[in-house]
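Any value given below was found using the heavy atoms of this structure, including those in side chains, with hydrogens, waters and symmetry copies removed.
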Amino acid sequence: MTWSEMEPLLEQACWDTLYMVGWSALIAVVGGLPLGVLLVLTDRGGVLQNVVVNKVLGQIVNIARSMPFIILMVALISFTRAIVGTTIGPEAAIVPLAIGAIPFYARLVETSVREVDGGLVEAVQSMGGSTWTVVRKVLLPESLPALISSATTTVVALIGYSAMAGTVGAGGLGDLAVRYGYMRFETELMWITVALLALVISVIQFAGDLAARGLSHRGRSSVAPRLRLLRGGAPRAGKPAPAPEPRTAPAELESAEPTKVL
């Protein structure tokens with residue numbers, strides 16, 4: 001197969017892969033972020049402590065994560081057809097990709113949010129902050145670099161899932177590698193597909209790491225320093241510390257006669 005024959009196939013496969021991964025990653029972040037935060041809030045010692053709800057959500061996430069993706073795709077065939085009207089093509093692959101990625105990202109979010117200093121949460125609560133204030137002003141800003149790294153890991157995993165989805169007619173680079181590289185023995189095309197997948201993953205990983213490091217070096221947010229100062233009893237900004245009162249000499253020393261030198 002010549003390059004002029006491979007080029008349109010590779011271009012279409014790349015767009016299909018980016019389409020599937022982009023939409024499924026967006027849905028995974030939108031669904032996994034609140035689920036992961038809720039797992040932290042309802043855990044023991046959390047702001048919304050509820051052991052029953054936490055155990056139920058945890059079991060659902062564990063079961064969804066333990067299911068191999070190829071089996072999940074087959075199990076969701078009827079659901080996929082009901083949602084998008086077909087079980088073939090990139091649109092159909094988005095449904096199982098998103099459902100498989102939501103619990104995966106939720107666990108990563110839970111791990112990231114747990115690393116936030118609990119003293120900051122207590123400081124906000126002591127100042128009358130609501131649960132939404134704790135989440136919006138402390139948990140999410142303080143864990144943002146870790147959340148970006150988790151999203152990067154999820155996108156990389158979705159690229160691997162999308163290649164697997166190509167084996168059942170979802171399109172993309174995985175489908176191209178199987179149909180031409182494996183079934184038609186086009187070894188050159190298969191290795192080009194592998195190289196493209198590696199390049200896409202490298203670019204996404206580099207961009208995610210760069211964004212996470214940039215946010216981490218900027219201190220993530222200004223909430224933590226202010227809360228630590230308030231929790232430590234330091235004076236608030238704009239209010240100068242009171243000047244120390246001058247020490248007064250004891251009356252006995254003031255009235256005492258100077259020592260005579262013999």
Legend entry - Spatial distance of atom CD (Gln12) from atom CG (Asp175) [nearest 0.5 Å]: 11.0 Å
Legend entry - Where Ile102 and Gly31 come nearest, the two heavy atoms and their spacing: CG2-C, 4.0 Å
Legend entry - Hydrophobic cluster identity match, Ile60 and Leu108, side-chain contacts under 4.5 Å: no
Legend entry - Check: Tyr19 and Ile94 side chains under 4.5 Å, non-hydrogen atoms: yes
Inset, instruction - Using side-chain contact (heavy atoms from CB on, under 4.5 Å) as the criterion, point out the one residue from Val109, Val134, Val116, Leu147 that pairs with Leu140. - result: Leu147
Legend entry - Minimal non-hydrogen separation, Leu72 against Gly100, with atom names: CD2-CA, 3.7 Å
Legend entry - Glu188 atom CD, neighbour heavy-atom count above 12 within 6.0 Å: no
Inset, instruction - Check step by step if side-chain contact (heavy atoms from CB on, under 4.5 Å) holds for Val156 and Gln205. - result: CA-CA 8 Å; Val156 171; Gln205 189 68 55; 3.7 Å; yes
Legend entry - Single-linkage hydrophobic cluster, 4.5 Å side-chain cutoff, Met67 and Leu76 together: yes
Legend entry - Beyond-backbone contact of Leu10 with Leu189, side-chain heavy atoms, under 4.5 angstrom: yes
Legend entry - Closest heavy-atom pair and its distance - Leu97, Leu158: O-CD2, 3.6 Å
Inset, instruction - Determine, using the 4.5 Å side-chain heavy-atom cutoff (strictly less than), whether Phe104 and Phe69 are members of one ILVMFWY cluster. - result: no
Inset, instruction - Give the minimum heavy-atom separation between Ile27 and Ala98, together with the two atoms involved. - result: CG2-CB, 3.7 Å
Legend entry - Working for side-chain contact (heavy atoms from CB on, under 4.5 Å), residues Leu120 and Glu142: CA-CA 10 Å; Leu120 302 179; Glu142 288 298 303; 4.1 Å; yes
Legend entry - Side-chain donor or acceptor of Ser216 paired with backbone N/O of Ala212 under 3.5 Å: no
Legend entry - Backbone N/O of Glu7 and side chain of Glu11: donor-acceptor pair under 3.5 Å: no
Inset, instruction - Would you kindly confirm whether Leu199 and Phe206 end up in one hydrophobic cluster when ILVMFWY residues are joined by side chain heavy atoms under 4.5 Å apart? - result: no
Inset, instruction - Return the minimal non-hydrogen interatomic distance between Thr17 and Gly172, and the atom names on each side. - result: OG1-CA, 3.4 Å
Legend entry - Smallest separation among heavy atoms of Ala165 and Ala93, with atom names: CB-CB, 4.3 Å
Inset, instruction - Quick one: pull up CE in Met6 and OG1 in Thr193 and give me the separation to the nearest 0.5 Å. - result: 9.0 Å
Inset, instruction - Just do the side-chain contact (heavy atoms from CB on, under 4.5 Å) check on Val21 and Ile204 with the steps written out, would you? - result: CA-CA 12 Å; Val21 172; Ile204 292 175; 5.6 Å; no
Legend entry - Pair Thr133-Ser130, side-chain donor/acceptor within less than 3.5 Å: yes
Inset, instruction - Nearest 0.5 Å please: distance from the CD1 atom of Ile99 over to the OG atom of Ser24. - result: 11.5 Å
Inset, instruction - Could you give me the CA-CA distance, side-chain angles and deciding distance for Arg114 and Asp43, then say whether side-chain contact (heavy atoms from CB on, under 4.5 Å) is met? - result: CA-CA 10 Å; Arg114 285 189 189 280; Asp43 200 4; 2.7 Å; yes
Legend entry - Distance (rounded to the nearest 0.5 Å) between Ile77 CD1 and Arg81 CZ: 7.0 Å
Inset, instruction - Say whether Tyr161 and Leu196 are linked into one hydrophobic cluster, either directly or through other cluster members, by side-chain heavy-atom distances under 4.5 angstrom. - result: yes
Inset, instruction - Kindly compute the distance separating CG (Leu39) from CZ (Arg107), expressed to the nearest 0.5 Å. - result: 5.5 Å
Legend entry - From CD (Gln125) to OG1 (Thr131), nearest 0.5 Å: 7.0 Å
